[in-house]
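The basis for the numbers below is simple: all heavy atoms, side chains too, and nothing from hydrogens, waters or symmetry mates.
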Amino acid sequence: MNEKTKSLIRRRMIIALAIIVTVLFTAYIYLANAIKIYELDQQTVQIAQEIENEKIRSNQLDEQVKQMGSKNYVENFARKYLGLYYPDETIIIVETQENAAESDGQTVEQ
């Protein structure tokens, strides 16, 4: 082979190599971006679920706040946690067998 054909073959090999490298690099970039998009889609689904859960929780808390302002809630809270009652009420404490045994320091077998 003469110098001209060797130079032509060398030039074509360089071009072919450049094309192969470009195709491989493009495929790598495409796959890397496809993986990143998939991960972001998964995060989007997860965050959407968390938002939905927090909306439900927010609605539940709104209901609790509405109940807390009611007269019935305030009365029950005052009775249960503060030991308060109306002046004209008579408080009756019923001692069950379990309560009696606990006050005596014994336990009731069941």
J.: Going from NZ on Lys6 to CZ on Arg11, what distance comes out if it is rounded to the nearest 0.5 angstrom?
T.: 15.0 Å

J.: Show every donor-acceptor pair shorter than 3.5 Å between a side-chain atom in residues 21-34 and any protein atom, with sequence neighbours excluded, or say none if there are none.
T.:
unit_1 : atom_1 : unit_2 : atom_2 : d
Thr22  : OG1    : Ala18  : O      : 2.7
Thr26  : OG1    : Thr22  : O      : 2.8
Asn33  : ND2    : Ile29  : O      : 3.4

J.: Count the heavy atoms belonging to other residues, nucleotides or ligands that lie under 6.0 Å from CD of Glu3, then report whether that count exceeds 12.
T.: no

J.: From Ile56 CD1 over to Leu61 CG, what is the distance, rounded to the nearest 0.5 angstrom?
T.: 12.0 Å

J.: Within this structure, what is the CZ-OG1 distance for the pair Arg12 and Thr5, rounded to the nearest 0.5 Å?
T.: 10.5 Å

J.: If hydrophobic clusters are built by linking Ile, Leu, Val, Met, Phe, Trp and Tyr wherever their side-chain heavy atoms come under 4.5 Å apart, do Tyr73 and Leu84 end up in the same one?
T.: yes

J.: Ignoring hydrogens and angles, tell me if any N or O in the side chain of Ser70 forms a donor-acceptor pair with the backbone of Gln67 under 3.5 Å.
T.: yes

J.: Working to the nearest 0.5 angstrom, can you tell me the gap between Glu52 CD and Glu50 CD?
T.: 12.0 Å

J.: Quick one: CD1 on Ile51 to OG on Ser58, what's the gap to the nearest 0.5 Å?
T.: 12.5 Å

J.: Does Arg79 pair with Glu89 as a salt bridge, N-O distance under 4.0 Å?
T.: yes

J.: Rounded to the nearest 0.5 Å, how far does CG of Leu8 lie from CG of Asn2?
T.: 10.0 Å

J.: Would you check, one step at a time, whether the test side-chain contact (heavy atoms from CB on, under 4.5 Å) holds for Met68 with Phe77?
T.: CA-CA 9 Å; Met68 290 176 85; Phe77 185 86; over 6 Å; no

J.: Take Met13 and Ile9 through the test side-chain contact (heavy atoms from CB on, under 4.5 Å) and record every step on the way to the result.
T.: CA-CA 6 Å; Met13 288 182 79; Ile9 291 173; 4.1 Å; yes

J.: Which pairs with one or both residues in residues 39-49 pass salt bridge (Lys or Arg N to Asp or Glu O under 4.0 Å), sequence neighbours excluded?
T.: none

J.: Under the salt bridge (Lys or Arg N to Asp or Glu O under 4.0 Å) test, which residues partner Lys66, sequence neighbours left out?
T.: Glu63

